[in-house]
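To keep things clear, I will list the structure first and then write my remarks on it.
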Amino acid sequence: MSTTLAPPLPAISPGRAAPSGPTRRPRPRARGRVDRSYYAMTIPALALFAGFHTVPLLVGVFFSLTNYAGYGDWDFLGLANYASLFQDDRILKAYGFTFLFAITATLLTNVGSLAVALALNSKIPAQNFFRGVMFVPYVLAILVAGYVFQFLF
């Protein structure tokens, strides 16, 4: 292993000024000022975020407060749509099933993953083989994508 050293900086005698050139440090910005490149990068990002996320969200909230069917006239209903939503038994059963499924799937996934991790870290015969078998799906997906793109290019 080798290391490379930077060339030494020139010594400055007390009577001489600091040399100009690559060793000169940039002036610090005034306190509270923001570099203009910051705005050049954040304003387009904020505009795209607003255009593709916030505006459709607000339009969806507006439509949820009306009886608009996508064509024709519409009337403003306020929260009546939401009141009827939570009075429907089918909706409540669907929400209950979804929450139960999400909690059960999360618990089973975490318990199963912990069991596999503990099993692969214990002293078992062919431990490295089983660890390799666990990585095959991750490596295989990247390998197949690489072959496909190599074929395309």
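Quick note: residue numbers are just sequence positions, from 1.
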Do [X] and [Y] share a hydrophobic cluster (ILVMFWY, side-chain heavy atoms under 4.5 Å, transitive)?
X    : Y    : value
V133 : I124 : yes
V148 : F153 : yes
L48  : I43  : no
I142 : F135 : no
L118 : F130 : no

To the nearest 0.5 Å, how far apart are [atom1] in [X] and [atom2] in [Y]?
X    : Y    : atom1 : atom2 : value
N67  : L77  : CG    : CG    : 4.5 Å
T98  : I103 : OG1   : CD1   : 11.0 Å
T109 : L114 : OG1   : CG    : 12.5 Å
L92  : F86  : CG    : CZ    : 7.5 Å

For the student: nearest non-hydrogen atoms of [X] and [Y], plus distance:
X    : Y    : value
N121 : R131 : OD1-NH2, 2.9 Å
P56  : G51  : CD-O, 3.5 Å
M134 : V116 : CE-CG1, 3.7 Å

Handout entry: CG (D73) with more than 12 external heavy atoms under 6.0 Å
Key = no
Handout entry: Other residues, nucleotides, ligands: >12 heavy atoms within 6.0 Å of Y82 OH
Key = yes
Handout entry: Connected hydrophobic set around L58, excluding itself, where side chains approach under 4.5 Å
Key = none
Practice task
Please list all pairs passing the ring pair (Phe, Tyr, Trp, His ring centres under 6.0 Å) test where one or both residues lie in residues 34-57, with sequence neighbours left out.
Solution key: F49-H53
Problem - Working for side-chain contact (heavy atoms from CB on, under 4.5 Å), residues N81 and L85 - result: CA-CA 6 Å; N81 286 338; L85 180 76; over 6 Å; no
Handout entry: side chain to side chain contact (heavy atoms under 4.5 Å, CB included) partners for T66, two or more places apart
Key = F62, F63, Y68, W74, F76
